[in-house]
Amino acid sequence: MPTEQEIRDALTKVMDPELGKNIVELGMVRDIRITPDGEVGFALALTIPNCPLKNKMKADAEQALLALPGVKYVDVTFAQLSPAELQAAMEKGRGNLPQLNLLNKIDRVLCVLSGKGGVGKSSVTALLAVALAKQGKQVGILDADITGPSIPKLFGLPTGGLRGGEGGMLPAITCNGIKVVSINLLLKEEDAPVIWRGPMISGVIQQFWRDALWGSLDVLLVDMPPGTSDAAISVMQSLPVNGVVLVTSPQELAGMVVRKALNMTKTMNVPVAGVIENMAYFTCPDCGKQHDIFGPSHAGEIAKTAGAPLLARLPLRPQLAMLGDAGQIEEADAPEFEQIARQLMAME
Ligand SMILES: Nc1ncnc2c1ncn2[C@@H]1O[C@H](COP(=O)(O)OP(=O)(O)O)[C@@H](O)[C@H]1O
Ligand SMILES: [Mg+2]
């Protein structure tokens, strides 16, 4: 029968395809069992409980162990990495991120994240990009919301607008010179459904990062998939993120949803650059009074919990939804973003 060390050695052939390192190095192998009658087993501790790759890794492990002399049966069970172990695994995986296309130079990557959908993440991404571009920055948007891409629509970019050049794919370009890469630019019809699981999403994101000709960018904004989904975790794993911009709305209590998002950034070891509260109030056009339509703000508490500045509280602007629907988000009047853009660019 093989020794425990021989089993470990054999298991170094089994890769976590998402992190690009082997499961032994990632600390995912636990409780190795060896019985004299030829059965060996271990627990495979997963990064995500329902990791869609778990059966692939299990099959690879079985194959690797059955190849050892004396092994007749293999029993692989599943376990889960603790938050600290997960963080260590992520850091190992991070050193293995896809290389940026040599023609690209991207100074900083900011992810726009929210606890849940519909709080205005894509709108904030777009408006922030416009403000940055107007300040003379070279800006790109990577639309990582693969299953609900909305960036091209906001900017009125036609489907099929992503073209290939010799060195890679060419981003679509908005009126203000913002470079956009989105799955929607590849689809024939704008509303074709995209039902993809984590690993495929992570593959596409890595391609958008590596194979798109971004050129020289001061900042790449990433419009994230909603909340703390597997897709969101995959995106964070796939890119060298410098900071997260957390978008909230007053409907989100300072509770669970946001805490989950914050835990995710902590686990991934990515700092929160700032918090933006969207749809915070409505200014009545007749009397000029501010109304807290969605209830009192929790943005202050959330920012405090995140240990990050509250960058802005943005009002409800019906005009914003209209311009977004018409593909004219670049025309929107959202003066707060001038300051938000400056503050984000001034951070380390
Ligand atoms: N400050 C705002 N005022 C009015 N409508 C807004 C505002 N922010 C976002 N919206 C609208 O709310 C909807 C959801 O916004 P969106 O940016 O798509 O959210 P998410 O990307 O988080 O799902 C869109 O119709 C958008 O036009
Ligand atoms: Mg969106």
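Side chains are part of it too, since the values below use all heavy atoms of this structure and drop only hydrogens, waters and symmetry mates. As the structure is a computational prediction, the values presented were derived from the model and not from experiment.
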**Student:** Charged N to carboxylate O below 4.0 Å: is that the case for E85 and R30?
**Tutor:** yes
**Student:** Identify whether the distance between the nearest side-chain nitrogen and carboxylate oxygen of D60 and K58 falls below 4.0 Å.
**Tutor:** no
**Student:** Do you know the tightest heavy-atom contact between L316 and F282?
**Tutor:** O-CD1, 3.7 Å
**Student:** Can you establish whether the number of heavy atoms outside E39 located under 6.0 Å from its atom CD is more than 12?
**Tutor:** yes
**Student:** So for atom NZ, which belongs to K266, do other residues, nucleotides or ligands contribute more than 12 heavy atoms lying within a distance under 6.0 Å?
**Tutor:** no
**Student:** Answer yes or no: is there an ion pair linking D223 with K121, defined by an N-O contact shorter than 4.0 Å?
**Tutor:** yes
**Student:** Find the distance between CG (L320) and CD (Q328) and round it off to the nearest 0.5 Å.
**Tutor:** 12.5 Å
**Student:** Going by heavy atoms in the side chains, are E277 and S297 under 4.5 Å from each other?
**Tutor:** yes
**Student:** Do the side chains of T125 and L221 get nearer than 4.5 Å, heavy atoms only?
**Tutor:** yes
**Student:** Below 4.5 Å, heavy atoms only, C-beta onward: do V40 and I7 meet side chain to side chain?
**Tutor:** yes
**Student:** Write down the atom of D37, the atom of K72, and the distance for their closest heavy-atom approach.
**Tutor:** O-NZ, 3.7 Å
**Student:** List the steps and the verdict of side-chain contact (heavy atoms from CB on, under 4.5 Å) for V219 and L110.
**Tutor:** CA-CA 7 Å; V219 56; L110 293 176; 4.1 Å; yes
**Student:** If every non-hydrogen atom of P83 is compared with every non-hydrogen atom of T267, which pair is closest and at what distance?
**Tutor:** O-CG2, 4.2 Å
**Student:** Begin with the C-alpha distance, continue with both residues' side-chain angles, and end with the deciding distance and a verdict on side-chain contact (heavy atoms from CB on, under 4.5 Å) for T3 and E6.
**Tutor:** CA-CA 5 Å; T3 63; E6 283 165 342; 3.4 Å; yes
**Student:** Please report the shortest heavy-atom distance between V14 and M57, naming the atom on each side.
**Tutor:** CG1-O, 3.7 Å
**Student:** Evaluate the side-chain contact (heavy atoms from CB on, under 4.5 Å) criterion for residues F42 and L65: first the C-alpha distance (whole Å), next the side-chain angles of each, then the deciding distance (0.1 Å), finally the verdict.
**Tutor:** CA-CA 11 Å; F42 75 100; L65 295 179; 4.1 Å; yes
**Student:** In the single-linkage hydrophobic clustering (I, L, V, M, F, W, Y; side-chain heavy atoms under 4.5 Å), do F78 and L26 co-cluster?
**Tutor:** yes
**Student:** Just verifying a value: how many Å separate L154 CG and L323 CG, rounded to the nearest 0.5 Å?
**Tutor:** 10.5 Å
**Student:** Is the backbone of V130 close enough, under 3.5 Å, to the side chain of N176 for a donor and an acceptor to pair up by distance?
**Tutor:** no
**Student:** With a 4.5 Å heavy-atom cut-off, do L344 and V245 have their side chains touching?
**Tutor:** yes
**Student:** Say you draw a straight line from CD1 of I233 to CG of L86; how long is it, rounded to the nearest 0.5 Å?
**Tutor:** 7.5 Å
**Student:** Judged by atom type as modelled, is there a donor-acceptor pair below 3.5 Å linking the side chain of R108 to the main-chain atoms of L217?
**Tutor:** no
**Student:** If you define the side chain from C-beta out and look only at heavy atoms, does anything of M1 sit under 4.5 Å from P36?
**Tutor:** no
**Student:** Drop me the distance from E338's CD to L132's CG, to the nearest 0.5 angstrom.
**Tutor:** 11.0 Å
**Student:** What I'd like to find out is whether the side chain of I141 reaches to under 4.5 Å of the side chain of F155, using heavy atoms alone.
**Tutor:** yes
**Student:** Out of curiosity, I276 CD1 to L246 CG, how far, rounded to the nearest 0.5 Å?
**Tutor:** 9.5 Å
**Student:** If I take atom OG from residue S249 and atom CG from residue L314, how far apart are they, to the nearest 0.5 angstrom?
**Tutor:** 11.5 Å
**Student:** Step by step, would you call L46 with L81 a side-chain contact (heavy atoms from CB on, under 4.5 Å)?
**Tutor:** CA-CA 6 Å; L46 301 167; L81 292 173; over 6 Å; no
**Student:** Looking at side-chain heavy atoms only, is the closest gap between L220 and W214 below 4.5 Å?
**Tutor:** yes
**Student:** When you measure from the side chain of N278 to the backbone of V119, do you find a donor-acceptor pair of N or O atoms at a distance under 3.5 Å?
**Tutor:** yes
**Student:** In the single-linkage hydrophobic clustering (I, L, V, M, F, W, Y; side-chain heavy atoms under 4.5 Å), do M347 and F337 co-cluster?
**Tutor:** yes
**Student:** Answer yes when R317 and E336 have at least one side-chain N-carboxylate O distance shorter than 4.0 Å, and no when they do not.
**Tutor:** yes
**Student:** Count I, L, V, M, F, W, Y as connected when their side-chain heavy atoms are under 4.5 Å apart, and connections chain through other members. Are L66 and V76 then in the same cluster?
**Tutor:** yes
**Student:** Does the side chain of V235 come within less than 4.5 Å of P225's, by heavy atoms?
**Tutor:** yes
**Student:** Flag yes if Y281 and V275 sit in one hydrophobic cluster, no otherwise; membership is Ile, Leu, Val, Met, Phe, Trp, Tyr, and two members link when side-chain heavy atoms are under 4.5 Å apart.
**Tutor:** no
**Student:** For residues 284-296, dump all side-chain donor-acceptor pairs below 3.5 Å to protein atoms at least two apart in sequence or in another chain.
**Tutor:**
none

**Student:** What is the minimum heavy-atom distance between S182 and F208, and which atoms define it?
**Tutor:** C-CZ, 3.9 Å
**Student:** Which atoms form the tightest heavy-atom contact between P152 and D143, and what is the distance?
**Tutor:** CD-OD2, 3.6 Å
